[in-house]
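Have a look at the structure below, then the notes.
Convention: sequence-line order gives letters A, B, ...; per-chain numbering from 1. These numbers come from a predicted model, not from an experiment. Worth knowing before you read on, the calculation uses all heavy atoms, side chains too, and leaves out hydrogens, waters and symmetry mates.
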Amino acid sequence: MLDLKWIRENPAHLDAALKRRGAAAVSAHVIELDTAHRATITELQSLQSRRNDVSKQIGGVKAKGGDAAPLMAEVAQIKDRMTALEAQEKEQAEKVRGVLLTIPNVLHADVPEGADETGNVELHKWGTPRKFDFAVKDHADIGAALKLMDFDQAAVMSGARFVILKGALARLERAIAQFMLDTHTDENGYTEVNPPLLVKDTALIGTGQLPKFAEDLYRTNVDAWLIPTSEVPLTNLVAERIVDGAELPMRVTAFTPCFRSEAGSAGRDTKGMIRNHQFEKVELVSICAPEESEAEHQRMTHCAEKILQRLELPYRALALCAGDMGFGMMRTYDLEVWLPSQETYREISSCSNAGDFQARRMNARYRPVGETKGTRFVHTLNGSGLAVGRTLVAILENYQEADGSVRIPTVLQRYMGGKDRITAS
RNA sequence: GGAGAGGUGGCAGAGUGGUCGAUUGUACCGCACUCGAAAUGCGGCGUGCCUGCAAGGGCACCGUGGGUUCGAAUCCCACCCUCUCCGCCA
């Protein structure tokens with residue numbers, strides 16, 4: 001959510017920022033609603049002030065045994081007007097907030113121009129895609145041949161876009177997650193968190209998925225939603241809180257399942273486990289002071305890159321362009337891993353700086369060290385570190401051998417009982 | 001799921017219809033005393049918003065949302081959360 005005061009003072013700036021995203025101007029509309037709202041507040045408050053005065057006088061008059069009837073008549077009149085204004089004020093406030101909640105974050109000045117993913121800018125590449133002297137298979141075929149990956153039976157019980165992993169592949173997924181968590185906690189300074197997977201709508205409004213993107217989420221029959229990413233519970237660790245500045249930066253990580261309805265992506269990535277309704281991800285979230293967030297964003301991205309490097313998976317880093325940026329983010333770097341079967345790089349991590357956008361929505365503040373009064377909104381950042389399912393896919397494809405077996409990356413072998421290869425049994 | 005207790009300012013803890021936005025303690029900040037510190041004394045110390053060039057003025061907030069009333073932290077209703085006990089359960 002953007003600062004209404006800021007919008008009031010920088011309407012042209014806002015509309016220009018929206019235009020970069022390909023979104024329509026809203027400042028005139030917002031300011032119109034806000035002006036009307038404030039006019040109502042002003043009138044209402046002067047009536048309240050008068051009512052309070054008269055009510056006090058009534059108390060005084062009655063205490064002395066006088067006749068308070070004329071005063072009470074005046075209050076009655078004021079009340080009629082107030083009732084109408086109160087309803088109007090409430091309606092206007094909801095309208096303003098409703099619009100504010102649908103305005104995307106203002107982009108960082110360095111975000112490249114562009115209408116869609118073709119406008120993304122490659123920052124650097126790491127590693128060299130392996131040359132295969134046999135026909136490469138995609139991960140779904142590799143998994144099927146190993147008899148350790150079953151989409152058909154998953155469809156029987158759950159429908160499309162689900163997978164069942166078995167044996168060494170189930171363990172491999174666990175190994176990948178464990179390796180990531182260990183690296184982030186032991187080396188990168190993150191604290192492991194095991195958060196709720198069901199959250200209230202307020203939590204999703206806080207991170208920006210609601211109210212606009214409800215159709216992407218799974219809603220339960222109780223008043224809760226399945227998380228689409230642990231960014232939601234991790235960022236909400238500071239919701240409605242005032243944290244001590246000394247606690248910042250707060251770095252947390254979690255390994256959780258993620259649930260996405262994938263509405264609107266029918267036909268895309270239908271084969272395999274690239275785009276499932278349920279997948280596992282290790283998430284990184286940082287809560288920090290505003291002046292730290294730029295550096296923290298770079299740091300977080302490096303933490304994610306380190307995982308790919310340790311796994312020796314070729315990847316490239318991109319700066320997302322204006323048109324491809326997520327709703328709540330001011331700046332995003334994507335990491336894309338090389339997939340031999342597609343002969344292209346595919347997203348495996350997305351690291352973003354939300355600035356104070358989410359903090360405003362969830363009222364997450366901090367008290368700067370040394371200051372006894374006054375609070376400021378924190379900055380929030382999140383990044384995949386990494387998507388575990390897609391990492392499994394990348395390993396299967398990049399480490400496949402002609403005989404159908406798959407080598408296990410060195411750093412994962414200790415998590416795989418010392419094995420260095422997965423073979424059909 | 002049942003029964004009970006409770007949600008008030010950073011914390012603790014008063015306050016059951018009218019100068020209560022809120023007693024007091026503690027923490028914190030400033031000043032005094034001191035060589036310095038402790039102790040002590042004095043003063044200050046919540047948040048959001050409206051209005052105003054400013055000084056200032058005003059409104060709201062005692063879990064949340066409604067209601068009663070001229071007037072609500074105080075009365076009524078609903079809901080949420082926490083704690084204790086019972087039941088059920090991985």
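Note: CD (Gln92(A)) to C1' (C49(B)) measures 15 Å, nearest angstrom. Summarising the geometry, the separation between NZ on Lys200(A) and C1' on C80(B) is reported as 7 Å, rounded to the nearest angstrom. Going from atom CD of Glu43(A) over to atom P of C50(B) covers 16 Å, rounded to whole Å. Regarding Leu47(A), its CG atom lies at a distance of 18 Å from the P atom of C50(B), rounded to whole Å. The distance between atom CG of Leu71(A) and atom C1' of G71(B), rounded to the nearest whole Å, is 12 Å. In this entry the distance linking CD1 of Ile41(A) with C1' of G48(B) reads 11 Å, nearest Å.
For the P atoms, the distance from U16(B) to A55(B) is 39 Å, rounded to whole Å. For the C1' atoms, the distance from G13(B) to C49(B) is 29 Å, rounded to whole Å. G46(B) and C28(B) have their C1' atoms separated by 13 Å, given to the nearest Å. Only the P atoms considered, G36(B) is 13 Å distant from C31(B), to the nearest whole Å. Across C77(B) and U69(B), the matching C1' atoms stand 16 Å from one another, rounded to whole Å. With both ends at atom C1', the span from A27(B) to G44(B) equals 14 Å, rounded to whole Å.
A search for side chain to side chain contact (heavy atoms under 4.5 Å, CB included) contacts involving Gln45(A) returns Ile41(A), Gln48(A), not counting sequence neighbours. With sequence neighbours excluded, the residues that form a side-chain hydrogen bond (donor to acceptor under 3.5 Å, both in side chains) with Glu294(A) are His108(A), Arg331(A). Residues passing the side-chain hydrogen bond (donor to acceptor under 3.5 Å, both in side chains) test with Ser293(A), sequence neighbours excluded: Asn353(A), His379(A). Judged as a side chain to side chain contact (heavy atoms under 4.5 Å, CB included), and not counting sequence neighbours, the contacts of Ala17(A) are Val106(A). When the side chain to side chain contact (heavy atoms under 4.5 Å, CB included) test is applied to Val193(A), the partners found at least two apart in sequence or on another chain are Pro195(A), Leu234(A), Leu237(A), Val252(A).
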Pairing pattern in dot-bracket form [Watson-Crick, G-U; both distances under 3.5 Å; | = partner strand] for RNA chain B: ((((((((.[[[..)..(.....]]].(((((.......))))).((((((....)))))).[[[[[..)....]]]]])))))))....

Per-nucleotide protein contact string for nucleotides 57-69 of chain B (B base, S sugar-phosphate only, - none; heavy atom under 4.0 Å): -BBS-----S---

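Identified under the salt bridge (Lys or Arg N to Asp or Glu O under 4.0 Å) test for residues 198-214 of chain A, with sequence neighbours left out: none. Residue pairs meeting the salt bridge (Lys or Arg N to Asp or Glu O under 4.0 Å) criterion with at least one member in residues 34-46 of chain A, sequence neighbours excluded: Arg8(A)-Asp34(A), Asp34(A)-Arg38(A), Glu43(A)-Arg81(A). Screening residues 250-264 of chain A for salt bridge (Lys or Arg N to Asp or Glu O under 4.0 Å), with sequence neighbours left out, gives Arg251(A)-Glu296(A), Glu262(A)-Arg275(A). Among residues at least two apart or in separate chains, salt bridge (Lys or Arg N to Asp or Glu O under 4.0 Å) pairs with a member in residues 354-365 of chain A are Asp3(A)-Arg360(A), Asp356(A)-Arg360(A).
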Check: protein-nucleotides 15-21 of chain B nitrogen or oxygen pairs below 3.5 Å:
residue, atom, partner, partner atom, Å
G18(B), N2, Ser55(A), O, 2.9

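Across all non-hydrogen atoms, the minimal contact from Phe377(A) to Pro290(A) is O-CG, 3.8 Å.
When heavy atoms are screened at a 4.0 angstrom cut-off, Arg360(A) is found touching no nucleic acid atom at all.
At U51(B), one or more side-chain N or O atoms of Arg38(A) fall inside 4.0 Å of OP1 or OP2 (strictly under the cut-off).
Aromatic pair His277(A)/Phe259(A): centroids not less than 6.0 angstrom apart.
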